[in-house]
Engineer: 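This is the structure I want to talk about, given as structure tokens.
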Amino acid sequence: EDQVTQSPEALRLQEGESSSLNCSYTVSGLRGLFWYRQDPGKGPEFLFTLYSAGEEKEKERLKATLTKKESFLHITAPKPEDSATYLCAVRRGGFGNEKLTFGTGTRLTIIP
Amino acid sequence: DVKVTQSSRYLVKRTGEKVFLECVQDMDHENMFWYRQDPGLGLRLIYFSYDVKMKEKGDIPEGYSVSREKKERFSLILESASTNQTSMYLCASSFGLAGGPGETQYFGPGTRLLVL
């Protein structure tokens with residue numbers, strides 16, 4: 001069974017204080033690892049897809065990296081508007097496997 | 001931009017009522033999904049559809065059914081609502097092409113359902 005574990009559950013940072021969120025996964029033949037951002041009461045917003053170990057993607061203050069067992073979401077010099085819950089999900093390989101398995105998320109709070 | 005819309009943001013229903021949640025996407029996506037999201041449990045897949053009139057069970061299909069009569073529209077039906085179906089319901093869609101951006105699922109704003 002595919003499993004995704006995110007840590008920490010919650011993280012409070014001062015504005016400008018860089019840090020990383022972790023997503024550990026177990027999946028048969030990874031076909032993609034996805035990062036989403038979710039604001040309270042809203043649907044998840046797509047951030048990145050990573051396909052193979054060593055791959056990196058960047059968007060503004062966010063950078064996602066991938067190894068064979070985990071992914072990190074690095075946040076550099078965060079601002080209060082980066083406060084949200086960050087979700088990680090994986091898709092297994094094989095034809096017709098459209099299902100994503102999600103972690104429970106990391107709730108990030110940036111204090112001005 | 002991909003747009004996925006859901007018929008209601010908030011719903012309050014009584015136990016035993018039949019509930020319809022509707023989702024519409026405007027990007028000609030092949031695949032559509034229904035999830036529920038609960039604190040501490042994350043997003044769990046209820047049903048998905050990869051074509052009109054086609055459906056596949058997800059991880060927690062019990063107590064739910066779905067309908068996809070048109071490509072852009074995917075409905076979730078609670079045949080007889082129960083209090084344990086109080087949750088946030090999220091619809092998503094994806095283009096469906098393997099190995100590229102077409103696999104990304106885009107989500108709607110969610111429907112928060114309260115069953116009394």
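The chains referred to below are lettered A, B, ... by the order of the sequence lines, with proteins before strands, and numbering in each begins at 1. Just the heavy atoms: all of them, side chains too, but no hydrogens, waters or symmetry mates, feed the values below. Just so you know, these numbers come straight off a predicted model, no measurement behind them.
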Engineer: Tell me if the CZ atom of A/Arg12 is crowded by more than 12 foreign heavy atoms within 6.0 Å.
Structural biologist: no

Engineer: More than 12 heavy atoms of other residues, nucleotides or ligands under 6.0 Å from CD of A/Glu9: is that the case?
Structural biologist: no

Engineer: What part of A/Glu45 is in contact with chain B, defined as an atom under 4.5 angstrom from a non-hydrogen atom: side chain, backbone, both or neither?
Structural biologist: neither

Engineer: Let me know if B/Glu56 has heavy atoms under 4.5 Å from chain A in its side chain, its backbone, both or neither.
Structural biologist: neither

Engineer: With a 6.0 Å cut-off on the ring centroids, do B/Tyr35 and A/Phe102 count as close?
Structural biologist: yes

Engineer: When clusters are formed by joining ILVMFWY residues with side-chain heavy atoms under 4.5 Å apart, either directly or through shared neighbours, do A/Val27 and B/Phe48 land in the same one?
Structural biologist: no

Engineer: Heavy-atom count check: over 12 atoms from other residues, nucleotides or ligands less than 6.0 Å from A/Arg107 CZ?
Structural biologist: no

Engineer: Just do the side-chain contact (heavy atoms from CB on, under 4.5 Å) check on B/Gln37 and A/Thr104 with the steps written out, would you?
Structural biologist: CA-CA 9 Å; B/Gln37 185 176 29; A/Thr104 53; over 6 Å; no

Engineer: Around atom NZ of A/Lys42, are there more than 12 heavy atoms from other residues, nucleotides or ligands closer than 6.0 Å?
Structural biologist: no

Engineer: State plainly whether one hydrophobic cluster holds both A/Leu100 and A/Leu33, where clusters connect Ile, Leu, Val, Met, Phe, Trp and Tyr through side-chain heavy atoms under 4.5 angstrom apart.
Structural biologist: no

Engineer: Are B/Tyr47 and B/Tyr50 linked, directly or through intermediate hydrophobic residues, by side-chain heavy-atom contacts shorter than 4.5 Å (ILVMFWY only)?
Structural biologist: no

Engineer: Considering only heavy atoms, which portion of B/Phe33 lies under 4.5 Å from any heavy atom of chain A: side chain, backbone, both, or neither?
Structural biologist: side chain

Engineer: Please determine whether residues A/Leu66 and A/Leu62 belong to a single hydrophobic cluster, defined as Ile, Leu, Val, Met, Phe, Trp and Tyr linked transitively by side-chain heavy-atom distances below 4.5 Å.
Structural biologist: yes

Engineer: Pull out the residues in residues 78-90 of chain A that come under 4.5 Å of chain B, heavy atom to heavy atom, sorted by number.
Structural biologist: A/Leu87

Engineer: So what's closer than 4.5 Å to chain A heavy atoms on B/Arg9: side chain, backbone, both or neither?
Structural biologist: side chain

Engineer: Heavy-atom distances under 4.5 Å only: say whether B/Asp59 touches chain A with side chain, backbone, both or neither.
Structural biologist: side chain

Engineer: So if you build clusters from Ile, Leu, Val, Met, Phe, Trp, Tyr with side-chain heavy-atom gaps below 4.5 Å, do A/Leu11 and A/Trp35 land together?
Structural biologist: yes

Engineer: Verify, without hydrogens or angle tests, whether A/Tyr36 (side chain) and B/Gln105 (backbone) share a donor-acceptor contact under 3.5 angstrom.
Structural biologist: yes

Engineer: Please find the pair of heavy atoms, one from B/Leu43 and one from A/Pro44, that lie closest to each other, and give the distance.
Structural biologist: CD2-CG, 4.4 Å

